[in-house]
Novice: 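Dropping the structure in here first, questions after.
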There are 2 protein chains.
Amino acid sequence: MYTIGQVSEMFNIPISTLRYYDNEGFFPNMQRHSGIRDFSENEIAALRIVECLKSSGLEIKEIKQFMEMTTRGAETYEDRLKLFEARRDAVENEICKLQRTLDMLKYKCWYYEQAIKDGNEDNINAMLPDKLPPKIQKLYDNGNQKAV
Amino acid sequence: MYTIGQVSEMFNIPISTLRYYDNEGFFPNMQRHSGIRDFSENEIAALRIVECLKSSGLEIKEIKQFMEMTTRGAETYEDRLKLFEARRDAVENEICKLQRTLDMLKYKCWYYEQAIKDGNEDNINAMLPDKLPPKIQKLYDNGNQKAV
DNA sequence: GTAATACCTAAAGCTGACTTTAGGTCAAGG
DNA sequence: CCTTGACCTAAAGTCAGCTTTAGGTATTAC
């Protein structure tokens, strides 16, 4: 059993945010003693799922809906599976997108290293769009790919 | 040369957003003819950089500062390099974090597949926290890792 | 016995990133 | 010649996700 202050420290989440989450219904079974919240292992587990769903890009109101599902037991297993599958696919997609962003950023690092050496951007710009050194060309092309 | 409507179509960005970006100073050298914006290859390139910096997690006002730097020429090469290096590191970090999220989501998919087969979560919960099938255990452990 | 600390609520406030509104210009088509 | 469509501006509005404020209770520390 933990107090809100302890959970705040453990997870590095402001107390105000934990109370906000509680108001949103993220801890449907949380107990209280004389008004004070009791975070049990149950709520800790819920919070971990909340963090996971949040970093997968799910909105607060959708997390709320998921928490409602968990209170409805076995009849929502299928829906919950579908939700996690959709989140899994979304995150896989997001990782691909970030990989392209990363390649673009690496290209830009190379670009400015060269510009610093040369004192200007003329040499580099003369190589665009397809006469860059092979490794850099790859970063550049990959970084400029359109989303699928 | 493109009109705002053409750029909007090309990039799938609302016209209102392009005008907002212009007001924020993202196209410092854009020309106009009798009030109407002329997007040249220059602005197209700027927009690509904006998109890249945005998906790296940079805020609008910081993108604005970057655009100011580009207008100050060679004296800001070092600063621009530092910015891109910082963004590169941030995105590498974000990809790692999303990889952990992804493992957690995959674990949850397995979890609900099992729950559907079993009709309840009892068998699975009896395996927690360290008696899961090896592959699943890996996803679970990795997904529960704390950020570095 | 009073002061500091950790908890509580409801409601208002804030920030970022747009988007919508209300009103206007200008060129081409029927 | 008038209406349709694509452009323009400044300013107000929206939405998510918190955070702050104002006011209160309960326990421990000196």
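Numbers restart at 1 for each chain; the letters A, B, ... are given by sequence-line order, proteins then strands.
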Novice: A:L53 CG to D:dA16 C1': how many Å, rounded?
Specialist: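 One finds 17 Å between C1' of D:dA16 and CG of A:L53, rounded.
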
Novice: Only one of B:Y21, B:F39, B:Y2, B:Y20 passes ring-ring contact (aromatic ring centres under 6.0 Å, His included) with B:F27; say which it is.
Specialist: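 The option that passes is B:F39.
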
Novice: Nearest whole Å is fine: how far is D:dC18 P from A:I15 CD1?
Specialist: 16 Å

Novice: Output, in order, the C-alpha distance, side-chain angles, deciding distance and verdict of side chain to side chain donor-acceptor pair (under 3.5 Å) for B:Y111 and B:N125.
Specialist: CA-CA 9 Å; B:Y111 182 102; B:N125 288 334; 3.3 Å; yes

Novice: Just how far, in rounded Å, is P of C:dG16 from CD1 of B:I63?
Specialist: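 The distance from CD1 of B:I63 to P of C:dG16 comes to 13 Å, rounded to the nearest Å.
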
Novice: Whole-Å distance between D:dG17 P and A:L58 CG?
Specialist: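 In whole Å, D:dG17 P lies 9 Å from A:L58 CG.
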
Novice: Please give, in whole Å, the distance from D:dG17 P to A:L18 CG?
Specialist: 16 Å

Novice: At under 4.0 Å, does any side-chain N or O of A:K64 touch on OP1 or OP2 of D:dA16?
Specialist: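 False: A:K64 side-chain N/O out of range (4.0 Å or more) of D:dA16 OP1/OP2.
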
Novice: Contact class for B:R37 (heavy atom, under 4.0 Å): base, sugar-phosphate, or nothing?
Specialist: sugar-phosphate

Novice: Between B:E43 and B:S40, is there a side-chain donor-acceptor contact under 3.5 Å, judged purely by atom types and distance?
Specialist: yes

Novice: Please test B:D22 against B:R32 for salt bridge (charged side-chain N to carboxylate O under 4.0 Å, His left out), starting from the C-alpha separation and ending with a verdict.
Specialist: CA-CA 12 Å; B:D22 186 24; B:R32 299 201 174 207; 3.3 Å; yes

Novice: Whole angstroms only, please: what is the CG-P distance between B:N12 and C:dC18?
Specialist: 14 Å

Novice: Can you tell if the side chain of A:L132 reaches within under 4.5 Å of the side chain of A:Y107, non-hydrogen atoms only?
Specialist: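 SC-SC contact between A:L132 and A:Y107 confirmed.
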
Novice: Starting at CZ of B:R32 and ending at P of D:dC7, how long is that distance when rounded to a whole Å?
Specialist: 13 Å

Novice: Can you identify which nucleotide, out of D:dC18, C:dC8, D:dG17, has its nearest atom closest to the A:E59 side chain?
Specialist: D:dG17

Novice: Compare the minimum distances between each of C:dC18, D:dG17, C:dC8 and the side chain of A:I60, then state the nucleotide with the smallest one.
Specialist: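 Of all the options, the side chain of A:I60 is nearest to D:dG17.
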
Novice: B:M104 versus B:T101: any side-chain heavy-atom pair under 4.5 Å?
Specialist: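 When only atoms from C-beta onward are counted, B:T101 and B:M104 do not touch, as no gap falls below 4.5 Å.
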
Novice: Keeping the roles fixed (side chain from A:S55, backbone from A:E51), state whether a donor-acceptor pair exists under 3.5 Å.
Specialist: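 Judged by distance alone, yes, a pair lies under 3.5 Å.
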
Novice: Figure out the OH/P separation between A:Y21 and C:dC8, and round it to whole Å.
Specialist: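 Going from OH in A:Y21 over to P in C:dC8 covers 17 Å.
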
Novice: Just by protein heavy atoms under 4.0 Å, how would nucleotides 19-28 of chain D read 5' to 3' in B, S and -?
Specialist: BB--------

Novice: Counting only side-chain heavy atoms from C-beta out, which of D:dA16, C:dG16, D:dC8 sits nearest to B:K61?
Specialist: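 Taking heavy atoms from C-beta onward, the closest nucleotide is C:dG16.
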
